[in-house]
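Remember, it's a predicted structure, so these values are computed and weren't measured experimentally. Starting from 1, each residue takes its place in the sequence as its number.
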Amino acid sequence: RLPGDEVRYPVWQFTDNAVIPGLKDVLTDLSTYDEWTRANFMLTPNPLLDGFSPLDMLRRGNIKKVREVARLYGEQGGR
């Protein structure tokens with residue numbers, strides 16, 4: 001969100017004019033975090049995903065694993 005109720009969506013969320021499959025569910029799993037923290041989670045390489053970012057894994061179709069890691073986010077031992 002930007003001042004004045006303006007909303008912008010990062011281009012990385014889309015592929016072929018559609019939202020990346022699984023993204024909505026992962027963001028829901030991270031709903032207790034603010035937008036910037038969720039974006040950081042999506043774009044940062046994660047050791048629980050063999051060093052790939054959650055975004056990379058969603059693009060490969062591995063929704064289930066990304067959701068598992070998202071649910072662990074912020075817990076001791078989770079990243």
Considering only heavy atoms from C-beta outward, does the side chain of V19 approach that of Y9 to under 4.5 Å? no
Are L27 and V7 connected into the same hydrophobic cluster when the rule is that any two of I, L, V, M, F, W, Y join if their side-chain heavy atoms are below 4.5 Å apart? yes
Give a yes-or-no answer on whether the side chains of T37 and N40 include a donor-acceptor pair shorter than 3.5 Å. no
Pairwise side-chain contact, P45 with F52, heavy-atom cut-off 4.5 Å (strictly under): no
Below 4.5 Å, heavy atoms only, C-beta onward: do P54 and L49 meet side chain to side chain? yes
Hey, what do you get for OH (Y73) to CG (L30), rounding to the nearest 0.5 Å? 7.5 Å
Just so I know, are the side chains of V69 and K65 near enough to count as touching, which here means a heavy-atom distance under 4.5 Å? yes
Please list all pairs passing the side chain to side chain donor-acceptor pair (under 3.5 Å) test where one or both residues lie in residues 53-62, with sequence neighbours left out. S53-D56
Partner residues of D50 under the side-chain hydrogen bond (donor to acceptor under 3.5 Å, both in side chains) criterion, sequence neighbours left out: none
Sorted by first residue and then second, give each side chain to side chain donor-acceptor pair (under 3.5 Å) pair with at least one member in residues 13-33; sequence neighbours left out. D29-R67
The reported gap from CD1 in I20 to CE in M42 (rounded to nearest 0.5 angstrom) is 6.5 Å
Rounded to the nearest 0.5 Å, how far does CH2 of W12 lie from CG of L23? 5.5 Å
